[in-house]
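Here is the naming used below: chain letters follow the sequence lines, and residue numbers restart at 1 for every chain. Keep in mind it's a predicted model, so treat the numbers as computed, not measured.
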Amino acid sequence: MSTRVARGALWVVFGLFFLFPLYAMADFSTRNLLQGGRSMAAWANLVTDEALYQSIITSLLLAVLTVVVMLILLVPTMIWVRLRTPWAKGVVEFLCLLPLTIPALVVVVGLKNVYLWVTYFFGESALTLTFVYVVVVLPFSYRSIDAALSAIDLGTLSEAARSLGAGWATTIARVVVPNIWSGVLSAAFISVAVVLGEYTIASLSGYQTLPIQIVALGKTDGPTSVAASLATLLFGFVLLLVLSLVTRRRRHA
Amino acid sequence: MSTTGGGVAVELTDLTRTYGSVKALDGLNLKMEPGEFIALLGPSGCGKTTALRILAGLDKATSGTVTVDGKDLTSVPANKRDMGMVFQAYSLFPHLTASENVQFGLKMRGSAKSERASRAAEMLELVGLSEHTHKYASEMSGGQQQRVALARALAIRPRVLLLDEPLSALDAKVRTQLRDEIRRVQLEVGTTTLFVTHDQEEALAVADRVGVMSKGRLEQLAPPAEVYANPATPFVAEFVGLNNQVPADVSDGSAVVLGSRLSTLAGSIASGSGTAMVRPESVTVTADESGAATVRSVAFLGAISRVYVELADGAVVYAQLSSSQARKFAPGQRVAVGVAPSDVLVVPAAR
């Protein structure tokens, strides 16, 4: 009984700790600073302020593109390395974790020359940040996919699939991915969170993503900036919630 | 039940497989008759699993050919070989139910949904799991999982059924049960089957012919009773339970072993002194105050016991007796040791 009380108390304490800032943000962003009372003007700005709205769209597109490119690049590579070239595992792991150790400033300076070519081929779009972001999210994605792959008997499952007539692509899509689904999902969601929060690289490269806009707005229009931040946070929470729900359903399926 | 995939002939010719400097297979030749059940038996590292994996297409031979039903499959990938395989490790797809697992191979072959479902039901009934079609691997016991794996392998009407130590992860009782079940199902569907195991009892119990392997080569390929009674080489003799090595004198096609004169098996030395391979259950022990041997220890194994006896020359042999007989012996006791009349393999003494 006492453990139940202690557990309840902990829930309340941590709940307050996490929710209070959110409540404060919600309160501030709905306050009418001039006349008093409540106003949804700041929240309306999220869609009516053209620059802010565009930056939200840009950031969401960046998040989606980053996740897609990252998964297409990483999942088959990691499966292949584990099955066929286990000796290369160390190298791949090192390469994937490397971005963590390189400061964003160095990345930007280093990429200047590469981006001359990127913009030459793809045009001067903020979406070209996808390439940098895929590199930036590699360490996080690698970790969660690697953990999921370690949890299954990849060798036996893929051999079973192949002996039953499945080619490599089918084996990966129908057998391996469904069984590392939770790892793939968490890699995707962590990547989304990283992309939506990335400031340094976007700012130094001069692109208008959501974090850049939030900071710029913060100087002139506090409530709108806070509303945008809160929206980003809530979006992240919803993603995590979806993640836990989906993985739980799979386990009990 | 129309489950027959039809037996086909399988031939492995001069298979060699080297890993670096290690020779896993060293010129293996194996011919399987249509519908035959062959067990490859040998210690770990003898190449039996490598042979099976090369037949499955999961490993590549360094040289040699694989022929199934007269066709050379050596360079055909695993997914195009039409072979059903049951693995040592649990291999059911965790995200699919038993029935969906069984249907997987049929789906790869593009069969219609209704046909897949009825085939899966038929196969699960064949392995006695009709009640469990909607269960996931995590909800089944090890034995049940291996049954589903067997059903899944057979569902595609494979040309050859490959069993890679499918019983070794199971406990003793389930192992015997499933072993007999595998044989029953195999006889029912008539698929040519290669079964790899390190357990001689398993191999002798189910196979039409047993192939005993050592160091990448086939030492003997013969029906179980023959492998047991007439081991072709000392290795086979030792591996199938002839593990007492007793000094023997050979002359005129017979040998004197522990005081008895026995006929020698083919492959024995022609004359002179050598080492006889004697099965523990052929060794007799009688209480005898003036006996030349001494009981060293008695190991109780349930229905049977093993009595370890030190001979006059210091060599130790052991006898397998029923426990009621073995109770009469105690360590230190003087006994006389003999050997029951049976043909015996005598090999050169220097081993």
Please determine whether the number of non-hydrogen atoms from other residues, nucleotides or ligands lying under 6.0 Å from atom [atom1] of [X] exceeds 12.
X: R183(B); atom1: CZ; answer: yes
X: Y19(B); atom1: OH; answer: yes
X: Y53(A); atom1: OH; answer: no

In short, salt bridge (charged side-chain N to carboxylate O under 4.0 Å, His left out) pairs touching residues 144-154 of chain B with sequence neighbours left out are R147(B)-E181(B)

Donor-acceptor contact present, side-chain H95(B) to main-chain V176(A), <3.5 Å:
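Flag not set: sc H95(B) to bb V176(A) has no pair under 3.5 Å.
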
Taking all heavy atoms of L58(B) and all of R162(A), pick out the closest pair and write down the distance.
CD2-NH2, 3.5 Å

Using only non-hydrogen atoms and a strict under-4.5 angstrom cutoff, which residues of residues 66-94 of chain B touch chain A?
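Near chain A, by residue number: A78(B), N79(B), M83(B), M85(B), F87(B), A89(B), Y90(B), S91(B), L92(B), F93(B), P94(B).
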
Sub-4.5 Å heavy-atom contacts with chain A: which residues of residues 103-112 of chain B show up?
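Interface residues of residues 103-112 of chain B: F104(B), G105(B), K107(B), M108(B), R109(B).
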
Which atoms of S163(A) come close to chain B, meaning under 4.5 Å heavy atom to heavy atom: side chain ones, backbone ones, both, or neither?
both

Report the residues that fulfil side-chain contact (heavy atoms from CB on, under 4.5 Å) with F14(A), sequence neighbours left out, ordered by chain and then residue number.
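Checked F14(A) against side-chain contact (heavy atoms from CB on, under 4.5 Å); matches are L10(A), F18(A).
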
